[in-house]
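Only this structure's heavy atoms are used, side chains among them; waters, hydrogens and symmetry mates stay out. Residue numbers begin at 1 in each chain, while the letters A, B, ... track the order of the sequences. Just so it is clear, the model here is predicted, and its values are computed rather than measured.
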Amino acid sequence: MDKNFDAKAAEPRIYAKWEEDGCFKAGVGARRPETFCIVIPPPNVTGSLHMGHALNNTLQDILIRFKRMQGFDTLWQPGTDHAGIATQMVVERELMETQQPSRREMGREKFVDRVWEQKEKSEGTILGQLKHLGASCDWSRNEFTMSEGLSAAVLKVFVDLYNQGLIYKSKRLVNWDPKFETAISDLEVENTEVDGHMWHFKYPLQDGATYEYVEKDEDGNVTLRETRDYISIATTRPETMLGDGAVAVHPSDERYAPIVGKLCEIPVGPKEHRRLIPIITDDYPDPDFGSGAVKITGAHDFNDYAVAQRGNIPMYRLMDTKGHMRDDGAPYVEDAAKAQSIIDGAEMTVNEIDLINIVPDDLRGLDRFEARKHVIDQITAEGLAVTVPADHPDVAWMKGQAPEWDNLGRARFPEIDDDESRVGLNPTLPLVESKKIMQPFGDRSKVVIEPMLTDQWFVDAKTLAAPALKAVQDGTTKLIPENADKTYYNWLEDIQPWCISRQLWWGHQIPVWYGPGVKKVADSGAGIMGKDPIHEVDYASDKLVSFCAANEADALAEAMTYYRQFGEGLDYEVCEDAREAFKRNDDEDGECIAIFRDPDVLDTWFSSALWPFSTLGWPDKTLELDRYYKTDVLITGLDIIFFWVARMMMQGIHFMEEVPFHTVYFNSIVVDKNGKKMSKSLGNIIDPLIMIDEFGADATRYALASQEAQNRRLLRMSNQAAEGGQRFGTKLWNAARFAEINECYGDSASAQMAHGSGTDGIRMAYGWHTPGSQRQTVNKWIVGETGRAVVRVTNALEEHKFNEACSAIYDHVWKVFCDWYVEFSKPLLTGEDPDAKAETRATMAWALDQCLILLHPIMPFITEELWQNLASRKNALMLEAWPSDDIPADAAADAEMDWVIRVIDGIRSVRAEMNVPAAAKIEMVLTGYAPEIGERLLRNSQLIQRLARLSEVAVAEEAPEGCVTIALTECAVNLPLKDVIDIGAESARLKKAFEKVGKEIMGLEKKLSNQGFLAKAPEEVVEEQRDRLNSAQSEAAKLNAAVERLAAMG
RNA sequence: GGGCGCGUAGCUCAGUGGGAGAGCACCUCGUUGACAUCGAGGGGGUCGCUGGUUCAAUCCCAGCCGCGCCCACCA
C-alpha cells in the first residue's frame, strides 16, 4: 500500500466500479423487508451546485448508505427541477449577453427549445457533481419535473383539484413582477426596508365646500381649529392617486365627521375633468397616523384592496405588465367620465372597469416612478401640497431644489438630514417626510413588486393545509430541529390562497381551454318552478367558459358537449391563442366555436410539491410507489419549508392519503469561515468541485458532516475544515497500512454472514477469534471498545446527529484504535507466542473492518479502497452489513486496560515535566497496591515498559528514596529519578496535586454530609459520589506519603 | 409588531440537572519499524449579566444586555 490515499485518482475509479456493479440501484443488497427512501430535493437546472447542495447531499448519502448497510431496501430518488422563473431568467440573460434575439423575438416554441438546451447542460453538470461527491442515488431512476411522466402527474393534479373546486380562477390583487411580467406568489416577495418618503397632499372638497377642522389633545382641549376646503392625505406612492376610488377615515374620527359622505377631488390631471371620489368610513385608517385620512387605491395596494372590497369601491388598474402607466383604452376624458359614472351610481363589472384607463394622457406610457415625479410636480405647482407648522419636529423639508431620483423611483433629498438645511424653511414648499418604508421586491428580479389586479389561478390552500397542519401536530411527520414546528404552524394557520399561474413560457402549461361565453338572452319566467333562463353563446364577449382537461382532445370533447345545448352542427376548432380564437369566432359569425388554451404556466413549486409521489410513478400504480411511499426522511433547507415542504405535505396527503415522509431534517446554511453567506459579489464562494479536487470528496464530506449539529444553523466551511477531514483519512489509511504490514487481514465472504448476531459470520471471516473468545486482554478490550463505538455511531445516525456520529467514529479510530490499540498490539504481533499473534491479527483485522464499516457512510471512498486492499473481498463495502450492537464487552479487560492507560499517561506526563529525555529509559516501582493490581502489572509490564519507555518494572513495599510519585486510586507509581529530581519542584508538584485532590474531597464530603442530598438525590448518584470520594482519598493518601518521604529526604 | 435562535478556551463550535469538552491556533519535547497530513506533554474558561426553582444550575424558569434569522398591511 502507498503511504497516502490518492483521492483524486481513486475516487472516480471507485465510483465507477460501484456504478458498474449496480450498487446504487433501489433495493440492492436488501436483507430485510423494510424500505428506506429519500427523495432528493431536486436542484434547479440553472447552473451548478454550491456548497449548500454538497452539505445537503452528503447528509442524504450518509443516511442512505447507513440504511443500505443495515439491510434496508433503500432508494435514493434523484432528479432535477425545471425551476420556471429562475431558469427562464438564466436563459434570457444569456441571450442578452450573447446578443442573440430576445425571448419575444424568438417566439415561445423556439425559446422553450433553447431552455431545454440549458436544462440538458445544467443537468449534466449537476449529476456529475453529485457523483464526484459520492452520492449513491439510483441514477437509473433520474427524474425531471418536466419529464413526460411528471408532467402527466402535474396535469392530473390540476384537473382533479379543479374538479374538486380546489383550484379556481379569479380576478384578485396579486404580486406582479414588472421585470418578468408575471404574477408571483406571496412567498416570492422579499419585503425590504428602504429609505422612502411620504408626501402630504390636499384633496379639495367638491365645489369648494368647507368645514370646521378641529384637533384636540388627549384631554379634549382644542389645539387647532380652522376652516378647510380640503382633506389632507399622506402617501408614499403619489402615482397611484390616479387610481383612487375613495378617501377613507376611521368612523370614530370626529375631525372628518362633517365631511363623510361628501365628495373630494383627486388633484391630478386636466382640471376640468378631474374625478370626484367619496369620503367614506372604514376601520382600517389609524386616526393617529398621518392625517388620519387614507386614499383608497384598490388595484395597487393590498390594504386598500380589502377596504375597497368591503366598501364596494371601484378599483382601477393604472399600469401595464411592465409597470408603465397604461397607454390603452379611450382618451382620458372619455374613460374618466365612465369612471365618474360609477361613483354616480352606474353599475359596471370588475372586468368592465378594467377596460377603463384613467391615466391622464400626458402620463400615459411613463414608468411608474417617472409618473410619480410628474404627479408631485403637478400638485406642488398647484399649491395643493400640504404645508405644516414649521415647528413640526419630525418632518424634513425640501429646500427649493428638486429631489434626486434613483432608478427605483425613490426620491432622495441630499440635504434633508442635514440640520443646516432646516434653517430658513419655506413653508410654501411641499412637506416630504423622510422615512423607512417596507418595500416589496421580487426575490429573483430584485425589482419593486407592483400589486396588480389580474386574472390568475389559485389553489384553495386553506382546505389543503388543514390535514398538513394536523400531521405535524400529531407527530405523523416529525420536524428536526423541533422548533421548526412553530414556523410551520404559523404559516399554515394563516395561509392565503396560492397563486399558481405564471405569465412565463418555461413550465407546465395550464390545462385549461377557453371558449366563448354565454349571455343571458331572456328570462323565461324562472320562478318557484326554477325554470332555466334562456342563454346563448356570446361570441363578442370577453367572458369565457373554461374547460379543464388533461389534454386537448378531452378539452375539445368537453367543449362540444357543452356547446351542443346551444345548437347542433357547429364547427369546432382549437386555436393558438385568444386573439386567433376571437377572430375566428367573429369571422365565422357564430358558425364556429373556437377554443384556445390558457397560455400561462404553473408555479414551479406546483410540480415540486408532487415530487415524493410523482417520481415514484404516480398516477400509475407502480411497484415503487407502493413500496417506497411514504418516503422516510426528507433533508432540505429551512428556507423552503413553505415553498416546498408544506406544499408536499398538502399534496401528498391529498392525493396519496398519507404524508410524504415521516421525518423532515432541516440542514444548516453553509457560510464562509467568517460567517458570511457565500455569494458571487463577495467572492467568497467555495466551489465544492474545487474542494473535492484539492482535498477529496471524503474530506469534504467529513468537514461538512462533522460540523452539522442540530442546534446551530450556520456551518462555516473552509479549507481548514477540509484539511481536518483529510488528516483523518490519512490517519486511518496508515492504521490500515500497519495492519497490512502485520498481516492482519480480514478474510472475505463475510458479507452475507456477518449480520444478525454476528458471531457466525465473524468466525468465518476472522478465524475462530470471534468477539468474546479472545484470550488476550488487549484484544478483549478492543472488542469492547469497538462495540461501544458501534452503539454510539449507530445511535447518532438514527437520531440524525451527524456531528456526533463523526466525533464518535473519529475518537474511536484515532484515540482508541490508533493511539492505544495499535501500540498495545505491537508486542503481541512481534512476540513469540503464535497463538497470541494469530489472535491479535484476527482481532485487529476485525476491529479495523468495523472502523471501515462505521466510517463508510461518511467517508465512502477511502473506506471502500481499504476494504478492498486489506483482503480479497467479493462484496463492496458499501453493501457490507452494519455491525450489530450486541458486541460483547469484558468488564475486567476494560478495567485493566483503563488502568494501564492511566499508568502510562501518568508516567509520560511526569517525564515531560521533569524533562526526562525521550530516549532515556527509566525504572518504575509500584507501591501501595492490592494483590490483583500486582497481577495486572505482571500481565502488562511489557506494554507499560514499551509505551512509557521504562527499563525495568518492579514492585516494592516502600518506595525507594528520591522518587517522583504518581498517585492513582489503585496504586502509586514511583519513578526513581534521583539524578534529575529537584526536590523542591517535585515537592511543589505533589502539593499542587494534593491541593487539587483535597479540594475535590472537601466538596464531596460536604455534599455527602448534606442531609438534603442524601435524602433526595437518586441512590446511584449518591453512590457515585461516594466512589469518587474513596478514589480521591486513596490518591490523597498516596500523595501525602510521597510528600512526607520527600520531606524526610530533604 | 410577532416568532425562532444564539452568547462555553485565543478562534470556530459540541455538550450536560450531579466530575467543564473537541478541532484549530499556541508553547515544550520528539524522526522509537503505520502515520511529521505524525507522536508525547502542556498552558488557557467565575459556561453573557441578575434573580428564582432545586439537596444540587453552565444546563430549568424570569428579567436584562449583546447578536443573528424568519414572518408581518400602518397609508
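- Whole-Å rounding puts the Ile296(A) CD1 to C73(B) P distance at 16 Å.
- Relative to the side chain of Phe738(A), the nucleotides G23(B), A34(B), G18(B) differ in distance, and A34(B) lies closest.
- In this model, no side-chain donor or acceptor of Lys486(A) finds a partner on the base of C4(B) within 3.5 Å.
- Base pairing annotation: C47(B) forms no Watson-Crick or G-U wobble pair, as no partner gives both donor-acceptor distances under 3.5 Å.
- Contact between the side-chain N/O atoms of Arg737(A) and the OP1/OP2 oxygens of C35(B) is found at a separation under 4.0 Å.
- Residue Tyr284(A) is classed as a base contact, given a heavy-atom separation below 4.0 Å to a base.
- Here the nucleotide nearest the side chain of Asp819(A), chosen from U37(B), G41(B), A40(B), is A40(B).
- Separating the P atom of G19(B) from that of C59(B) is a span of 14 Å, rounded to the nearest Å.
- Look at Ser909(A) and you'll find a side-chain N or O under 4.0 angstrom from OP1 or OP2 of G42(B).
- The partner of G19(B), taking Watson-Crick or G-U wobble pairs whose two distances both stay under 3.5 Å, does not exist in any strand shown.
- Atom P of nucleotide C11(B) and atom CD of Gln707(A) are separated by 17 Å, given to the nearest angstrom.
- If you check every strand for non-hydrogen atoms under 4.0 Å, Pro285(A) touches a base.
- Between C55(B) and Lys1006(A), no contact under 4.0 Å exists linking OP1 or OP2 to a side-chain N or O.
- Summarising the geometry, the separation between OH on Tyr702(A) and C1' on C24(B) is reported as 13 Å, rounded to the nearest angstrom.
- In this structure, Arg727(A) reaches the C24(B) phosphate: one of its side-chain N or O atoms is under 4.0 Å from OP1 or OP2.
- OP1 or OP2 of C38(B) has not a single side-chain nitrogen or oxygen of Trp733(A) nearer than 4.0 Å.
- Regarding contacts with the backbone of G23(B), a side-chain N or O of Lys815(A) is found under 4.0 angstrom from either OP1 or OP2.
- When the side-chain nitrogen and oxygen atoms of Lys826(A) are compared with OP1 and OP2 of A34(B), one or more of them lie within a distance under 4.0 Å.
- When the side-chain nitrogen and oxygen atoms of Arg946(A) are compared with OP1 and OP2 of U32(B), none of them lie within a distance under 4.0 Å.
- In the set A75(B), A34(B), G41(B), the nucleotide with an atom closest to the side chain of Thr236(A) is A75(B).
- When every heavy atom of Tyr305(A) is checked against every heavy atom of Arg172(A), the shortest pair comes out as OH-CA, 3.5 Å.
- Closest contact between the side chain of Asn490(A) and the listed nucleotides A75(B), A14(B), G3(B) involves G3(B).
- Among the heavy atoms of the strands lying under 4.0 Å from Arg1028(A) is at least one base atom, whether or not backbone atoms are also near.
- Side-chain contact annotation: Glu450(A) with His300(A), donor-acceptor N/O pair under 3.5 Å present.
- Across all strands, Glu1000(A) comes closer than 4.0 Å to no nucleic acid atom at all (heavy-atom distances).
- Look at C73(B): it lacks any Watson-Crick or wobble partner with both distances under 3.5 angstrom.
- Distance from the side chain of Ile741(A) is smallest for A34(B) among the nucleotides A75(B), G18(B), A34(B).
- At a threshold of 4.0 angstrom between heavy atoms, the contacts of Phe289(A) include nucleobase atoms, whether or not backbone atoms are also involved.
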